[in-house]
*Asks:* 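Below are the structure tokens for one structure; questions will follow.
We're numbering straight along the sequence, starting at 1.
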Amino acid sequence: MTTTARTSEPWTAIGCAGACGHPITGSGGRASDSAPAAAWAGALAGKVVVDISNPVDFSTFDSLVVEPGTSAAEQIAAAAPGARVVKAFNTTFAGPLVAGEVAGRPLDVFVAGDDDDAKRSVSELVSSAGLRPLDMGPLRRARELEGFQFLHMASQERLGLNWSSALAILP
């Protein structure tokens with residue numbers, strides 16, 4: 001996917017669209033499958049790759065499919081070493097993302113990556129949509145972001161949230 005938003009960056013999104021379990025990249029049902037990134041590694045070199053995936057085992061909805069100590073984002077970065085991988089948007093559900101807010105408050109978009117310029121570009125994209133980017137640090141923080149969103153997803157039915165909630169950091 002190529003698009004621009006107040007930056008000169010070429011954009012590529014790899015991951016799962018919301019809680020559907022169907023990867024945008026056609027990776028065969030596993031959001032953490034890094035094969036598409038490996039196949040496109042040459043074309044992705046130097047580009048900002050935004051990993052929006054949540055590597056949840058959608059057959060049981062009871063665990064992540066990545067091994068402890070890693071994340072889908074880190075696997076994508078390893079498969080496409082020249083890409084400038086940034087984890088972002090994985091903690092926002094589709095409905096609230098389209099609305100841009102929950103309970104009258106703009107959404108927080110957690111951003112993690114090892115390339116400060118790539119994170120800055122993604123943060124500009126987030127801000128241009130009226131959302132609040134929060135820099136969570138290096139790409140290894142994607143581990144916590146993926147786990148945090150898994151808990152958020154798993155709590156939807158129990159709390160009666162109907163996929164309309166959001167994660168936020170309040171002052």
*Asks:* Which residue is it: Arg120, Lys47, Arg84? I am looking for the one with a salt bridge (charged side-chain N to carboxylate O under 4.0 Å, His left out) to Asp115.
*Replies:*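 Output: one option passes, namely Arg84.
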
*Asks:* For residues Gln156 and Asn162, determine if any side-chain heavy atom of one lies less than 4.5 Å from a side-chain heavy atom of the other.
*Replies:*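 With C-beta onward as the side chain, the pair stays apart.
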
*Asks:* Evaluate side-chain contact (heavy atoms from CB on, under 4.5 Å) for Leu167 paired with Asp108, printing each intermediate quantity in order.
*Replies:* CA-CA 7 Å; Leu167 299 173; Asp108 285 349; over 6 Å; no

*Asks:* Enter the distance from Ile169:CD1 to Phe110:CZ here, rounded to the nearest 0.5 Å.
*Replies:*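 If I round to the nearest 0.5 Å, the distance is 4.5 Å.
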
*Asks:* First locate atom CD of Glu157, then atom CZ of Phe61, and finally report the distance between them rounded to the nearest 0.5 Å.
*Replies:*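 The distance works out to 9.5 Å.
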
*Asks:* Is any side-chain heavy atom of Leu131 less than 4.5 Å from a side-chain heavy atom of Thr92?
*Replies:*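 Side chain of Leu131 against side chain of Thr92, heavy atoms only: no contact under 4.5 Å found.
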
*Asks:* For a quick test of reading the model, state the closest non-hydrogen atom pair linking Ala83 to Val49 and the distance between them.
*Replies:*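 Looking at all heavy atoms of both residues, the shortest contact is CB-CG2, 3.7 Å.
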
*Asks:* Quick check for you: to the nearest 0.5 Å, what is the distance between Asn90 atom CG and Leu145 atom CG?
*Replies:*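 The CG atom of Asn90 sits 5.5 Å away from the CG atom of Leu145.
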
*Asks:* Keeping the roles fixed (side chain from Arg143, backbone from Gly69), state whether a donor-acceptor pair exists under 3.5 Å.
*Replies:*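 Indeed, once roles are kept as given, a pair shorter than 3.5 Å links the two residues.
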
*Asks:* Is there a side-chain contact between Val56 and Leu64 (heavy atoms, below 4.5 Å)?
*Replies:*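 Val56 vs Leu64: side chains touch.
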
*Asks:* Could you report the tightest heavy-atom contact between Leu139 and Lys87, atom names first, then the distance?
*Replies:*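 Result for this residue pair: CD1-N, 4.1 Å.
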
*Asks:* Rounded to the nearest 0.5 Å, what separation is found between the CD atom of Gln149 and the CG atom of Asn54?
*Replies:*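 One gets 5.0 Å once the value is rounded to the nearest 0.5 Å.
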
*Asks:* Distance check, rounded to the nearest 0.5 Å: Ser165 atom OG versus Phe93 atom CZ?
*Replies:*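 These two atoms lie 5.0 Å from each other.
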
*Asks:* Quick one: side chain to side chain donor-acceptor pair (under 3.5 Å) partners of Ser71, sequence neighbours excluded?
*Replies:*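 If we apply the side chain to side chain donor-acceptor pair (under 3.5 Å) test to Ser71, skipping adjacent residues, the hits are Glu74.
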
*Asks:* Do you know the tightest heavy-atom contact between Val102 and Ser164?
*Replies:*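 Reported closest heavy-atom pair: CG2-O, 3.6 Å.
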
*Asks:* Please find the pair of heavy atoms, one from Ala80 and one from Ala37, that lie closest to each other, and give the distance.
*Replies:*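 Here Ala80 and Ala37 meet closest at CB-O, 3.7 Å.
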
*Asks:* Determine, using the 4.5 Å side-chain heavy-atom cutoff (strictly less than), whether Leu134 and Phe148 are members of one ILVMFWY cluster.
*Replies:*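 Yes, it is one cluster - the side chains of Leu134 and Phe148 are joined through contacts under 4.5 Å.
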
*Asks:* Within a reach of under 6.0 Å around CZ of Arg141, are more than 12 heavy atoms found that belong to other residues, nucleotides or ligands?
*Replies:*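 For Arg141, atom CZ is crowded (more than 12 foreign heavy atoms under 6.0 Å).
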
*Asks:* Any donor-acceptor pair under 3.5 Å linking the side chain of Ser127 with the backbone of Glu124?
*Replies:*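 Not confirmed, Ser127 side chain does not pair with Glu124 backbone.
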
*Asks:* Could you pull out the closest heavy-atom pair between Val122 and Ala88, with the gap in Å?
*Replies:*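 So the two residues come closest at CG1-CB, 3.9 Å.
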
*Asks:* Taking the side chain as everything from C-beta on, heavy atoms only, tell me whether Pro96 gets closer than 4.5 Å to Glu101.
*Replies:*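 Pro96 vs Glu101: side chains apart.
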
*Asks:* To the nearest 0.5 Å, how far apart are NE2 in His152 and OG1 in Thr91?
*Replies:*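 Atom-to-atom, His152:NE2 and Thr91:OG1 are 8.5 Å apart.
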
*Asks:* Quick one, Lys119 and Asp114 - any side-chain contact, counting heavy atoms below 4.5 Å?
*Replies:*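 Result no, sub-4.5 Å side-chain heavy-atom pair not found.
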
*Asks:* For the residue pair Gln75 and Thr70, establish whether any side-chain heavy-atom pair is separated by less than 4.5 Å.
*Replies:*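 Heavy-atom side-chain distance check passes, below 4.5 Å.
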
*Asks:* Looking at Asp62 and Phe150, what are the two nearest heavy atoms and their distance?
*Replies:*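 So the two residues come closest at C-CZ, 3.5 Å.
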
*Asks:* Could you check whether any side-chain heavy atom of Phe89 comes within less than 4.5 Å of a side-chain heavy atom of Val126, counting everything from C-beta outward?
*Replies:*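 Yes, side chains in contact.
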
